[in-house]
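Worksheet for the structure shown next.
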Amino acid sequence: MHIKWNALAQTAGISFGVTVAVVAVFALGILALSRREAALSSRAAGGQAAGGGKPALLAGAYACFALCACAVVYGLVLIAAP
């Protein structure tokens, strides 16, 4: 049996990099949601109406979560491909 160590190292490195990237994007989505909630709660505490508030943060969070979902689905497609 012959193991291609270079190919194994490349696969491990790329897997690690993609994993770190997906986790970072997910964390950015969580950060955007928490900042939006903080803005809404401070706005409500200030006596103003709490309608909407920072829709760009909500859109950014949804975009981050959609990107993570796409990465997961792509990985599943790679695994399940005939």
Side-chain angles (χ1 to χ4, degrees):
M1 175 172 31
H2 179 67
I3 298 175
K4 296 181 181 179
W5 292 104
N6 189 26
L8 181 64
Q10 285 178 348
T11 302
I14 290 172
S15 297
F16 181 74
V18 169
T19 301
V20 168
V22 169
V23 169
V25 170
F26 189 82
L28 284 175
I30 295 293
L31 179 66
L33 280 181
S34 67
R35 288 203 176 165
R36 180 179 181 268
E37 288 297 320
L40 286 176
S41 65
S42 69
R43 190 175 189 187
Q48 297 175 354
K54 306 274 185 180
L57 288 175
L58 186 61
Y62 283 157
C64 289
F65 296 143
L67 189 61
C68 289
C70 288
V72 169
V73 169
Y74 180 66
L76 291 174
V77 166
L78 287 177
I79 290 171

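Quick note: residue numbers are just sequence positions, from 1. Below, each value reflects all heavy atoms present in this structure, side chains not excepted, and no hydrogens, waters or symmetry copies.
Minimum interatomic distance between L28 and C64 (heavy atoms only, all atoms of both residues): CB-SG, 4.1 Å. Taking all atoms of both residues into account, the shortest heavy-atom contact from G29 to A61 is O-CB, 3.6 Å. When all heavy atoms are compared, the tightest approach of C68 to V22 is SG-O, 3.5 Å.
If you take CG on L57 and CD on E37, they are separated by 10.5 Å, rounding to the nearest 0.5 Å. Rounded to the nearest 0.5 angstrom, S15 OG and Q10 CD are separated by 11.5 Å.
Grouping Ile, Leu, Val, Met, Phe, Trp and Tyr residues whose side-chain heavy atoms lie under 4.5 Å apart, directly or via other members, places L58 in a hydrophobic cluster with F26, I30, L33, Y62, F65.
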